[in-house]
Amino acid sequence: MLSKLNPPQREAVKYLDGPLLVLAGAGSGKTRVITHKIVHMIEQCGYAPKEIAAITFTNKAAREMQERVGQLLSESPTLKAKPGKGLTIATFHSLGLQMLRQEAQSLGYKPQFSILDSSDSFKILADVLATTDKQLLKRTQWQISKWKNTFVTPDQATALSSKTQADEELTHAAAKIYQLYQQTLKAYQAVDFDDLIKLPVELFEQHPETLDKWQRKLKYLLIDEYQDTNTCQYRLVRLITGVEGRFTAVGDDDQAIYGWRGADVENLRGLTEDFPRLKVIKLEQNYRSTVRILRSANHLIANNPKLFEKKLWSDLGTGEQIQISAARDEVHEAEAVIMKLLAHKFEHRTRFADYAILYRGNHQARLFEEQLRGHKMPYTVSGGQSFFDRAEIKDLIAYLRLIANEDDDPAFIRAATTPKKGIGNTTLERLGEYAASRHVSLFEAAFEGAFQRLLGQKQLDDLLTFCNFINTMQHRAPREPAGDILNSMLSAIKYEAFLYDSEEPRAAETKWKNVMDFVDWLSKKGSSEEKNLLELTQTVALMSMLEGRENGEPDAVKLSTLHAAKGLEFGHVFLIGVEEGILPHRESVDNDKIEEERRLMYVGITRAQRSLHISWCRKRKRAGEMEVCEPSRFIAELPVADIRHFGGTATDPATSKEHGKERMAQIRAMLGKI
DNA sequence: TGGTTAGTCGTTTTT
DNA sequence: CGACTAACCA
């Protein structure tokens with residue numbers, strides 16, 4: 001097995017004498033190192049699968065790694081009998097969830113606590129702050145998250161704020177809100193994403209015996225995308241792997257693109273200080289891209305200060321020049337890119353799946369989706385939570401959350417009111433007031449006689465019908481298959497009829513299809529992992545549907561944000577909207593975040609194996625108004641010899657129209673022949 | 001209580 | 001331009 005690796009890769013796989021940091025440039029085979037190391041440890045070094053945990057950054061990466069390890073294990077001649085069962089391959093968040101679920105009691109939570117996504121916690125904050133000021137709410141949310149990730153308690157936050165002057169009042173207010181927010185979460189028996197990492201850390205620091213238990217359980221950690229680790233996650237790693245540092249961290253400082261989420265590249269440097277015995281291995285051979293693509297990437301990233309010196313090289317041939325096209329506006333850009341893609345596909349006899357269209361912000365996908373649909377081309381959009389953000393899915397999840405955890409008031413409110421079932425604002429307001437005065441959940445309050453006397457007969461009947469329904473589901477959930485319960489729940493609440501009542505037929509149809517997809521996916525997951533509905537509910541909060549749907553469309557053009565594309569590779573990449581204000585994003589330009597934007601561009605470029613097309617618009621519609629755009633400064637940072645402009649450059653707009661037309665006609669003619 | 005309508009508001013990236 | 005909200009009627 002090791003013969004398939006190059007010398008530094010092999011060294012990284014075999015090294016188990018102490019903490020190891022693998023600095024792996026883009027496309028240098030870092031996943032390969034992790035997967036082979038896992039198998040090597042099981043096969044050659046006597047590790048049991050359940051003693052190893054590999055931590056990835058996204059669910060997608062986790063699933064991919066799971067597959068690759070499974071593949072390697074099944075090929076292994078010595079391990080025929082032993083499957084990789086018990087092996088942990090998970091994101092930080094789902095590992096945290098696993099720990100939290102088992103240790104919930106010692107933190108004052110029940111095991112079936114709810115997990116809130118950022119929009120849930122946003123709503124809670126809006127409630128607590130009693131404001132609709134989005135800016136303020138966003139800032140507060142960000143501040144609280146930052147406090148959580150640096151282990152500042154509400155009390156400490158209050159003390160801290162008195163030292164500063166400028167936004168003392170603001171910070172002080174935020175500290176107060178922080179406290180209320182935490183109390184609210186506890187009352188709902190809910191945790192937010194930050195808590196999933198933070199609470200295990202606190203637990204381990206306060207209960208050495210629990211830490212000891214987990215240290216003995218997880219003997220070795222492999223961490224992917226280490227440059228994206230935040231301080232909290234790093235602390236968790238240090239706790240689990242102990243002073244000996246039983247871990248391999250794999251990362252690339254040039255691909256650090258999650259600084260805004262609290263990830264700190266300093267954690268990479270911190271490793272060398274915290275673990276003096278740290279061994280560093282560099283992987284510098286790129287197995288992915290042509291020389292031109294790689295040279296462009298290197299040339300660009302050379303404008304950033306270096307943390308670790310490394311020189312990536314490739315022997316995959318020079319390859320084509322990088323094409324840089326200017327489009328008249330964003331509609332033309334989408335049109336031109338799709339045309340170009342079709343022509344390219346025809347010319348090179350490739351598959352749809354060989355192409356990716358990458359962009360900075362999710363909304364940029366829309367026009368391209370329209371074009372792709374118009375041309376009947378198969379495509380998939382990856383962009384994280386979009387599926388779970390859909391109203392119809394959130395509706396169902398609200399029911400699931402309430403069934404699993406009756407203290408979850410936000411879920412109660414959503415489920416009680418969608419679809420409408422005669423429970424209106426007045427009823428809920430009274431219920432809320434009563435529940436608050438008695439310090440119980442909405443669900444519990446509904447059953448109390450003192451409250452029931454406050455309602456009219458019809459209101460009470462409607463409310464109790466709903467609560468009794470939830471009660472029934474709570475009893476059935478642990479016993480029956482997830483799929484059965486979901487289906488009977490859907491018919492009980494008449495969800496399909498509700499959709500067709502309140503939507504256009506077409507919209508209702510797609511929504512209902514989404515619901516059915518969701519149900520299918522959950523029931524499959526339930527039976528394959530032998531989990532009941534209650535257990536599934538928590539994991540659902542951490543999933544993005546992407547993985548469930550990807551299987552459906554084997555040969556499709558991939559649309560993805562640059563963030564979501566990290567770790568993936570594509571034969572041919574279109575990098576779109578490469579303009580000032582978008583690729584170095586407006587907000588980042590002011591805030592000293594240019595370097596991270598450059599790394600984002602770097603990530604985009606290095607996704608490409610064979611060809612790269614960059615496009616930008618001379619004009620773009622923004623909030624209904626046409627706005628003049630400039631090409632991104634990053635385009636000027638590419639090596640001149642490796643790029644070729646189409647449709648003119650920033651300083652040379654004259655040729656654009658003629659050339660564009662000519663090129664378009666060419667492409668149309670070519671397509672006509674098919 | 002629930003649906004409709006006329007205004008307002010604002011667009012990074014994700015677990 | 002479109003998504004989301006707050007006041008307004010049935």
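Residue numbers begin at 1 in each chain, while the letters A, B, ... track the order of the sequences.
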> Where the side chain of A:His93 is defined as all heavy atoms beyond and including C-beta, which of B:dT15, B:dT14, C:dA3 is the nearest nucleotide?
B:dT15
> May I have the distance from A:Ile582 (atom CD1) to B:dT11 (atom C1'), rounded to whole angstrom?
10 Å
> When you get a sec, tell me which of B:dT11, C:dA3, B:dT13 is the closest nucleotide to the side chain of A:Trp260?
B:dT13
> Between B:dT14 and A:Asn362, is there an OP1 or OP2 to side-chain N/O distance shorter than 4.0 Å?
yes
> Measure from the side-chain heavy atoms of A:Lys621 and tell me the nearest of B:dT15, C:dC1, B:dG3.
C:dC1
> At under 4.0 Å between heavy atoms, what does A:Phe92 touch on the DNA or RNA strands: base, sugar-phosphate, or nothing?
nothing
> Any salt bridge linking A:Asp120 with A:Arg401? Criterion: basic side-chain nitrogen under 4.0 Å from a carboxylate oxygen.
yes
> Cation-pi check, A:Lys186 to A:Tyr109: give yes when NZ or CZ is under 6.0 Å from the six-membered ring centre and within 45° of the ring axis, no otherwise.
yes
> Heavy-atom nearest nucleotide on DNA chain B for A:Thr91 versus A:Glu597: which residue maps closer to 5'?
A:Glu597
> Applying a 4.0 Å non-hydrogen cut-off, can you work out what A:Ser94 is touching in the nucleic acid: base, sugar-phosphate, or nothing?
nothing
> Can you check the A:Phe122 CZ to B:dT15 P distance for me, whole Å?
19 Å
> Evaluate whether the aromatic ring of A:Tyr258 and the six-membered ring of the B:dT13 base sit under 5.5 Å apart, centre to centre, with an inclination under 30°.
no
> Is the backbone N or O of A:Asn303 less than 3.5 Å from a side-chain atom of A:Glu637, with the two atoms forming a donor-acceptor pair by type?
no
> Once you round it to whole Å, what is the distance between P of B:dT15 and CG of A:Asp117?
11 Å
> In terms of ring plane angle, is the pair A:Phe193 and A:His93 parallel, tilted or perpendicular, where the classes change at 30° and 60°?
perpendicular
> Measure from the side chain of A:Lys420, starting at C-beta and using heavy atoms only, and say which of C:dA3, B:dG2, B:dT15 lies closest.
B:dG2
> Nearest whole Å is fine: how far is B:dG10 P from A:Glu587 CD?
12 Å
> Closest approach to the side chain of A:His363, judged atom by atom: which nucleotide of B:dG3, B:dT15, B:dT11 is it?
B:dT11
> Send over the distance from A:Glu225 CD to B:dT14 C1', rounded to a whole Å.
13 Å
> Treating A:Gln233 as the side-chain partner and A:Asn230 as the backbone partner, does any N or O pair qualify as donor plus acceptor under 3.5 Å?
yes
> Using whole Å, report how far CD of A:Gln255 lies from P of B:dT13.
20 Å
> What integer distance in Å separates A:Lys123:NZ from C:dT5:C1'?
14 Å
> Does the distance from a Lys or Arg side-chain N to an Asp or Glu carboxylate O, for A:Lys621 and A:Glu627, drop under 4.0 Å?
no
> Could you check A:Thr427 against A:Glu596 and say which one's nearest nucleotide on DNA chain B is further toward the 5' end?
A:Thr427
> With a 4.0 Å limit, can you tell me whether A:Ser118 has a side-chain N or O closer than that to the phosphate oxygens OP1/OP2 of B:dT14?
no
> Please report the distance, rounded to the nearest Å, between CG in A:Leu236 and C1' in B:dT15.
14 Å
> Applying a 4.0 Å non-hydrogen cut-off, can you work out what A:Ile197 is touching in the nucleic acid: base, sugar-phosphate, or nothing?
nothing
